[in-house]
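Order of the sequence lines fixes the chain letters, A, B, ..., with proteins taken first and strands second; residue numbering starts at 1 for each chain. Heavy-atom basis, side chains included; hydrogens, waters and symmetry copies ignored.
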Protein chains: 2
Amino acid sequence: MLSFVEENYLKAIYHLSLNGKQEVSTNALAEEMRTTPASVSDMIKKLSQKSVVSYKKYQGVNISEDGRRLALHVIRKHRLWEVFLVEKLNFTWDQVHEVAEQLEHIKSPLLIQRLDEFLGHPKYDPHGDPIPDEHGNLIEKHRQPLDALSIGDQGVMTAVDDSSSSFLKYLDKMEIGIGSNIKVIDFIEFDGSMDIKVDDDKTLTVSSTVAQNILVAID
Amino acid sequence: MLSFVEENYLKAIYHLSLNGKQEVSTNALAEEMRTTPASVSDMIKKLSQKSVVSYKKYQGVNISEDGRRLALHVIRKHRLWEVFLVEKLNFTWDQVHEVAEQLEHIKSPLLIQRLDEFLGHPKYDPHGDPIPDEHGNLIEKHRQPLDALSIGDQGVMTAVDDSSSSFLKYLDKMEIGIGSNIKVIDFIEFDGSMDIKVDDDKTLTVSSTVAQNILVAID
DNA sequence: ATTAATATTTAGTTTAGTCTAAAAAAAATA
DNA sequence: TATTTTTTTTAGACTAAACTAAATATTAAT
């Protein structure tokens with residue numbers, strides 16, 4: 001049985017291993033958890049002991065299959081409570097997160113089963129994120145490199161394939177990042193470059209190489 | 001701000017100071033909390049530091065006005081969640097306690113305000129215990145053995161005085177339980193037995209002994 | 001290929017809550 | 001009243017989760 005704190009670490013590891021590589025670095029986790037790398041190092045050993053992550057010194061952590069299942073169970077509870085707060089208690093979407101962060105740690109299988117029924121087995125939370133089922137299965141949004149999209153398609157950037165600092169610097173300069181909404185405006189056959197609109201705001205052109213290395217999630 | 005553990009100690013102190021004297025002894029509290037007197041001694045100092053109890057060495061604790069208010073706030077949350085679990089999620093009365101023990105520690109004034117509205121501002125929990133209002137005011141019900149009532153009186157069964165399994169089996173068979181509404185229809189002077197109506201539904205006769213061991217709360 | 005910079009781990013403390021064993025105070029009893 | 005018994009507190013240790021400072025490993029840069 002994991003403690004509240006351990007559950008929160010596991011959730012963070014799960015999220016980071018989706019957005020970036022599978023390997024999650026100590027520093028990234030420390031930043032996500034708003035704590036120090038030293039604390040993370042300690043916690044990683046505990047989680048490794050409990051077989052929810054695998055870990056080699058200085059090599060970052062990988063979430064295990066057990067860990068993934070546990071993380072998704074917590075996420076399921078979080079998202080179900082969010083639905084409850086919005087649909088039944090008239091919370092606005094920006095009021096739900098903090099409370100759901102607390103409610104997600106309540107331990108009672110019956111409670112979650114009944115809550116799910118009460119809410120009519122919702123598939124998505126108020127932010128549009130999918131709710132994992134009781135076995136930890138998640139309808140993952142299809143994730144593709146940007147250059148696989150066609151004109152008119154859009155998606156949310158969730159990761160990069162190339163994580164060289166030069167590429168990341170380029171993205172930074174262009175003000176594209178994880179979470180950016182990207183819509184394909186035009187595709188130039190000649191060199192494979194694309195015109196894209198970012199966050200319904202600025203339009204810019206990216207090379208074929210860049211487009212290959214930006215991963216987007218589409219519905 | 002009190003921790004979960006501190007809140008639980010405070011609740012226990014509140015309950016013990018109702019049932020017995022205002023003075024709560026270290027040993028009694030240790031038994032209630034299923035811990036050691038030494039741990040209780042330590043905790044009492046912390047609670048005293050935070051002015052929720054007053055305490056003189058070797059003299060036991062007294063809950064303060066602030067402490068009472070805080071304890072009643074936790075009890076309010078506990079009982080509101082119990083109503084939710086029974087009325088909305090179809091829990092039975094014996095399934096709610098453990099889960100409500102967890103839910104009562106969630107910190108969000110908005111959540112409790114909205115939950116209260118959602119449930120229609122209930123005055124009593126599923127066991128018939130009154131729900132304190134948001135200011136920590138409690139409508140204490142007068143609790144009496146059934147045989148003390150007169151014809152026409154009614155109340156909600158809240159407890160039993162005899163908890164032998166033979167008595168509980170009898171109650172089970174008669175379909176009387178915690179939360180049942182009991183109205184006195186007739187009182188037979190000859191042997192002290194009573195005719196009662198349960199939940200405005202079935203009428204039955206109970207012996208004087210039975211009536212002495214059923215406790216009811218009257219408004 | 002060294003050196004410099006960055007990332008990660010270890011070592012040593014801290015706080016909350018718990019424990020056992022021992023000491024001290026209060027209550028009960030003779 | 002003196003003594004025994006019970007209750008309560010203190011002292012010292014333990015675990016979980018955090019921190020700071022120092023040491024070590026890895027990566028980047030010259």
Side-chain angles (χ1 to χ4, degrees), chain A residues 1-13 16-17 20-63 70 74 101-102 105 107 162-170 172, chain B residues 1-13 16-17 20-63 70 74 101-102 105 107:
Chain A
M1 178 115 320
L2 299 188
S3 70
F4 286 17
V5 175
E6 288 169 334
E7 285 188 347
N8 283 335
Y9 269 90
L10 200 57
K11 250 196 329 168
I13 293 167
L16 289 172
S17 60
K21 283 284 152 53
Q22 300 105 309
E23 312 282 312
V24 175
S25 78
T26 302
N27 266 10
L29 193 47
E31 191 176 352
E32 179 81 8
M33 296 294 297
R34 291 149 177 280
T35 183
T36 61
S39 303
V40 170
S41 232
D42 284 348
M43 179 55 79
I44 282 173
K45 277 183 219 147
K46 274 184 55 188
L47 293 176
S48 175
Q49 210 68 37
K50 299 190 176 187
S51 325
V52 294
V53 302
S54 65
Y55 155 73
K56 270 188 206 145
K57 273 192 191 176
Y58 295 98
Q59 301 302 125
V61 275
N62 283 278
I63 197 162
L70 282 171
V74 176
E101 282 291 305
Q102 297 180 63
H105 300 296
K107 264 119 186 150
D162 173 345
S163 56
S164 67
S165 91
S166 62
F167 184 51
L168 297 178
K169 262 180 202 153
Y170 167 81
D172 226 47
Chain B
M1 178 115 323
L2 299 188
S3 70
F4 285 16
V5 175
E6 289 169 332
E7 285 187 348
N8 284 335
Y9 269 90
L10 200 58
K11 249 196 331 170
I13 293 168
L16 290 172
S17 61
K21 284 285 153 51
Q22 301 106 307
E23 313 281 313
V24 175
S25 79
T26 303
N27 266 11
L29 194 46
E31 190 175 354
E32 179 81 9
M33 296 294 296
R34 292 148 177 280
T35 183
T36 62
S39 303
V40 169
S41 233
D42 284 348
M43 179 56 79
I44 282 171
K45 279 182 217 147
K46 273 183 55 187
L47 293 176
S48 174
Q49 211 69 38
K50 299 190 175 189
S51 325
V52 293
V53 302
S54 65
Y55 155 73
K56 269 188 206 145
K57 272 192 192 177
Y58 295 98
Q59 301 301 125
V61 275
N62 283 278
I63 197 161
L70 282 172
V74 176
E101 282 291 306
Q102 298 179 61
H105 300 295
K107 264 118 186 151

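Scanning both residues, B:A30 and B:T36, for their nearest heavy atoms gives CB-C, 3.8 Å. Contact record, A:H105 with B:Q102: O-OE1, 4.4 Å, taken as the closest heavy-atom pair.
The side-chain heavy atoms of A:L10 and A:V53, taken from C-beta on, include a pair separated by under 4.5 Å. In this structure the side chain of A:E23 reaches within 4.5 angstrom of the side chain of A:N62, judged on heavy atoms.
Rounded to an integer number of Å, the gap from CD of B:E23 to C1' of D:dT7 is 15 Å. In this structure, the CD atom of A:E6 is 9 Å from the C1' atom of D:dA16, given to the nearest Å. Atom-to-atom, CG of B:L29 to P of D:dT8 comes out at 10 Å; the value is rounded to the nearest Å. Between the NZ atom of A:K57 and the C1' atom of D:dT27 there is a distance of 19 Å, rounded to whole Å. Separating the CG atom of A:D42 from the P atom of C:dG12 is a distance of 13 Å, rounded to the nearest angstrom. Taking atom CD of residue B:Q59 and atom C1' of nucleotide C:dA24, one finds them 14 Å apart after rounding to whole Å. In this structure, NZ of B:K45 is placed 10 Å from C1' of D:dT8, rounded to the nearest angstrom. Here the C1' atom of nucleotide D:dA16 and the CE atom of A:M1 are 17 Å apart, to the nearest Å.
Checking the phosphate oxygens (OP1, OP2) of C:dT8, no side-chain nitrogen or oxygen of A:Y55 falls inside 4.0 Å. The shortest distance between the side-chain N/O atoms of B:N27 and the OP1/OP2 oxygens of D:dT8 is below 4.0 Å. At the phosphate of C:dT10, neither OP1 nor OP2 sits under 4.0 Å from any side-chain N or O atom of A:S41.
Rounding to the nearest 0.5 Å gives a distance of 11.0 Å between CG of B:N8 and CD1 of B:I13.
A perpendicular orientation is assigned to the rings of B:F4 and A:F4, their planes being inclined by more than 60° (bins at 30° and 60°).
DNA chain D is contacted by both A:Y58 and A:F4; A:F4 maps to the nucleotide lying nearer its 5′ end (nearest heavy atom per residue).
Of the candidates C:dT18, D:dT10, C:dT8, the closest approach to any side-chain atom of B:M43 belongs to C:dT18.
The list of side-chain hydrogen bond (donor to acceptor under 3.5 Å, both in side chains) pairs with a residue in residues 51-61 of chain B, not counting sequence neighbours, is empty.
A heavy-atom distance below 4.0 Å to DNA chain C is reached by these residues of residues 31-40 of chain B, ordered by number: B:T35, B:T36, B:A38, B:S39.
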